[in-house]
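For reference, the structure discussed in these notes is given below.
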Amino acid sequence: MAEKINKVQENLEAWCSPPLEFPSKEAEQGYKERTRRIADAILLRKPDRIPCVPMWEFFYAKYGGYTCQEAMYDAKKAEEAVVKAVIELQPDGFQPPIFFMTGPVLEAYDSKDVLWPGHGLSKDQAHQFVEGEYMKADEYEAFINDPSDFILRYYLPRVSGNLKALAMTVPIRNCFAYFMNFGGWAPFGSPDGLKALDIIKNLSKASLEYVTWLVSVIGKLVMMGYPPWTASLTEAPFDVVGDTLRGTKGIMLDMYRQPDVLKQACEKFVGIMADYTIASAQAAGNHPIVFVPLHKGTAATRDGKGGFMSLDQFQEFYWPTLRKLMLILIDNGFVPNLLIEGDYTSRLDIIKDVPPGTCIYHFEHIDIHKAKKVLGERVCIRGCVPIHLMTLGTPDEVRAAAKEQIDVLGEGGGYIMDTTMASEQVKPENMKALIDFTKEYGIYK
Amino acid sequence: MSENLVTALSELKEKETLEIVQSRLDLGEDPLRILDETKEAMEVVGKRFEEGTYFIPDLVYSGEILQAVSEMVKPKMTKEDERKRLGKFIIGTVKGDIHDIGKNIVTFMLDVNGFEVHDLGIDVPVEKFIEKIKATNAPVVGLSGFLTLAFDAMKETINAIENAGLRDKVNIIIGGGNINEDIRNYTGADAYGVDAMAAVAYANKVMAS
């Protein structure tokens, strides 16, 4: 266990002393102070003061005076909005704007699983995910047998209006030995196949343009002294199956009708998501913090009643593969930052089972006293200023809520200030109040 | 025999439930009696959900089994099932929000508890709520929303109901991810609920008065 902590610790130390040439001493100092503050909180130490790391996403657009649509299509405006919010509000870690400039990508594959401004939503709305049964109940075996083939020939044709032709092609595993190659590629040469390849070409270009934009904006902010708080995103294996493939109803029925194949699929995704996540974190210079939003394992209320699953189901279906994925990430020096939607008060005793000082748990609804008591010695807690106060309340109400969080969760260190979730409706003056108050009141003496 | 069906369905034993129904239909039993027992079983399911021993997956699964039973029984029915309904309830996810998991659970619980539910779906424009209120005279309207943008959409919906001169005729309850007393106050709703049972309790209260 000690070794695991060291690997995370090592990576956090490297993050705090990057091999970068900053344009000024101030930028270098700012960057190092901010990363140090966050790293200390993760390692359950007391930083100089509580770091403030707000989840922003489309708040950037609102702050910059642009619509969500402009943020998804206009590179210049999108960048301007992000840079403006970061340098004016000065968070300790900024949210990489991963949903900005994605309009052209979504258009290139004619996404059916996302609505976005101008495509099912008004220009002022952030994108919304359209859940569906993109994998049928009897297709688990096909998926488990060859995930890449399933994704190419079953999943993509269903979520993309432009890639339907892929359904007509053959498994790539049929183009393997030299003699298989002779005729193996022929289906891609058909008119439909060629069309699909063209779409893939356009999609790939759009995807590269998006990545180039994102890397450039993040790079500029880093050079100004502001670290992004994360550079990779992953999901709990159960959520990958439930959100992306089977849908809420589908996966709930699978828990009863075919629990074993469901568990096999979750196991399969431990490796897939670990490889994907580690590769993306490494591509981003080994950024230590991995964003892991959790969806389908939650209770509805504080007492654990009425949610997406029972505590027994949580322990049987949800937690084992999530924990496995987390431990692989931790073993490789990465810090899982769980964004825990719903109310996990009833699950605290289960989720505390991780190596101390290696994880961040960001809560939406939680008994903060109990959370600090159960997790205080193990996990850095992030949150939990209610989002409705940020969107509807006054700066005074925000400060009062932030004070309560700091008094309880900030005690002794191991805490990062944030709201309970991101929203494009957050009032700029409330965000400013949250950050400024944390900087004043959150100083450790 | 009758105990078996109620137990099998309320314990979510799919295969057993369908076998019992099939054998009873084969014996020529009145399909309405079978449906009455499934209703009894669903009341047990609802009660367990309320008590906290059943969860959303249990509701979803019991609903699936019930649907399979209905499909088996329907061809044998000579007249329409005329179940007595307690009262009308209009529900929908407000404009701009496409989330429906919570709304569907509320719809299900209201249905199981005997209400006539008019589910308008997701991303529902205010006019659709108003049309439905006029068409059904339902005394209760439930507005659902998961995103923070739903706060304003709920407020706008309630304002529109008011402007249409219908506010006095309906009781409005809101529910969803981050709904609380502050949001109720902001939107002008009469009540809010944190779970599906709150909607049932509220509907019962309104219908009783």
Side-chain angles (χ1 to χ4, degrees), chain A residues 58 68 114-115 120-122 124-131 242 247-257 295-296 298-314 317 341-343 346 364-365 386-393 397 419-426, chain B residues 11-15 46 48-65 67-68 93 95-102 104-106 108-109 122-123 146-153 155 175-187 193-198:
Chain A
F58 281 89
C68 293
V114 177
L115 298 183
L121 298 177
S122 77
D124 289 315
Q125 274 186 275
H127 69 287
Q128 293 185 43
F129 175 62
V130 183
E131 207 183 76
T248 305
K249 184 176 165 189
I251 201 167
M252 283 178 174
L253 295 175
D254 294 339
M255 287 199 287
Y256 299 95
R257 287 176 173 162
H295 298 137
K296 292 190 158 58
T298 190
T301 51
R302 197 125 304 178
D303 56 12
K305 285 183 187 173
F308 283 168
M309 55 175 66
S310 69
L311 202 57
D312 287 344
Q313 285 167 333
F314 181 76
F317 291 100
E341 295 187 15
D343 197 317
S346 59
E364 184 184 10
H365 301 288
I387 193 66
H388 77 274
L389 288 182
M390 300 300 293
T391 63
L392 301 176
E397 286 172 315
T419 54
T420 52
M421 59 164 65
S423 164
E424 66 274 23
Q425 272 101 22
V426 168
Chain B
E11 297 287 330
L12 311 178
K13 298 206 162 63
E14 183 172 22
K15 197 164 159 262
R48 288 184 185 164
F49 182 70
E50 196 179 340
E51 289 163 359
T53 51
Y54 272 10
F55 296 81
I56 295 172
D58 302 302
L59 296 186
V60 169
Y61 191 33
S62 65
E64 277 291 293
I65 305 173
Q67 196 175 342
T93 302
K95 177 106 190 103
D97 197 332
I98 63 165
H99 290 83
D100 66 356
I101 297 172
N104 292 347
I105 297 300
V106 175
F108 178 82
M109 289 305 288
I122 55 174
D123 189 17
F146 181 72
L147 302 171
T148 52
L149 64 85
F151 306 160
D152 282 322
K155 192 183 169 89
N178 282 285
I179 303 297
N180 56 29
E181 176 57 24
D182 291 349
I183 310 302
R184 185 207 63 74
N185 191 36
Y186 176 76
T187 59
V194 294
D195 59 29
M197 290 318 295

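These figures come from a predicted structure and were not determined experimentally.
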Report summary line: Across all chains, not counting sequence neighbours, the side-chain contact (heavy atoms from CB on, under 4.5 Å) partners of Glu50(B) are Met197(B)
Query raised in the report: What do the steps show when you test Arg257(A) against Tyr61(B) for side-chain contact (heavy atoms from CB on, under 4.5 Å), and what is the final call?
Result: CA-CA 9 Å; Arg257(A) 287 176 173 162; Tyr61(B) 191 33; 3.8 Å; yes
Query raised in the report: What part of Leu115(A) is in contact with chain B, defined as an atom under 4.5 angstrom from a non-hydrogen atom: side chain, backbone, both or neither?
Result: side chain
Report task. Find the one option among Asp182(B), Leu149(B), Val60(B) whose heavy-atom pairs under 4.5 Å with chain A are most numerous. Result -> Leu149(B)
Query raised in the report: Thinking salt bridges, do Lys249(A) and Glu64(B) make one under a 4.0 Å N-O criterion?
Result: yes
Query raised in the report: So which of Asp123(B), Asp152(B), Leu147(B), Ile101(B) has the largest heavy-atom pair count under 4.5 angstrom toward chain A?
Result: Ile101(B)
Report summary line: Applying a strict 4.5 Å limit to non-hydrogen atoms, the region of Asp100(B) in contact with chain A is neither
Query - Donor-acceptor contact below 3.5 Å, side chain Tyr256(A) vs main chain Asp58(B) - result: yes
Query raised in the report: For Met390(A), is it the side chain, the backbone, both or neither that has a heavy atom under 4.5 Å from a heavy atom of chain B?
Result: neither
Report task. With a 4.5 Å cut-off on heavy-atom pairs, point out which of Leu392(A), Leu121(A), Ile387(A) contacts chain B the most. Result -> Leu392(A)
Requested in this report: Heavy-atom pairs under 4.5 Å with chain A are the metric here; pick the option from Gly96(B), Ala196(B), Pro57(B), Gly52(B) that has the most.
Outcome: Pro57(B)
Query raised in the report: Where do Asp97(B) and Gln128(A) land on the side-chain contact (heavy atoms from CB on, under 4.5 Å) test, with the steps shown first?
Result: CA-CA 8 Å; Asp97(B) 197 332; Gln128(A) 293 185 43; 3.9 Å; yes
Report summary line: dist Ile56(B):CD1 -> Gln313(A):CD (nearest 0.5 Å) comes out at 11.0 Å
Query raised in the report: What's the shortest heavy-atom distance between Glu341(A) and Phe146(B), and which atoms?
Result: OE1-CZ, 4.1 Å
Query raised in the report: With no hydrogens and no angle check, is any side-chain donor or acceptor of Gln425(A) less than 3.5 Å from a backbone partner on Phe151(B)?
Result: no
Report summary line: Max heavy-atom pairs within cutoff under 4.5 Å with chain B, candidates Asp124(A), Thr301(A), Ile251(A), Leu253(A), goes to Leu253(A)
**Report entry** Engaged part of Leu12(B) at the chain A interface, taking heavy atoms whose separation is under 4.5 Å
**Finding:** side chain
Report task. Apply side-chain contact (heavy atoms from CB on, under 4.5 Å) to Lys305(A) and Thr53(B), showing your working. Result -> CA-CA 8 Å; Lys305(A) 285 183 187 173; Thr53(B) 51; over 6 Å; no
Requested in this report: Go through the atoms of Ser122(A) and report whether side chain, backbone, both or neither lie under 4.5 Å from a heavy atom of chain B.
Outcome: neither
Query raised in the report: Among Thr148(B), Asp195(B), Ile179(B), Val194(B), who wins on heavy-atom pairs under 4.5 Å with chain A?
Result: Thr148(B)
Query - Short side-chain donor-acceptor distance under 3.5 Å, Asn178(B) and His388(A) - result: no
**Report entry** From OH (Tyr186(B)) to OG1 (Thr391(A)), nearest 0.5 Å
**Finding:** 7.5 Å
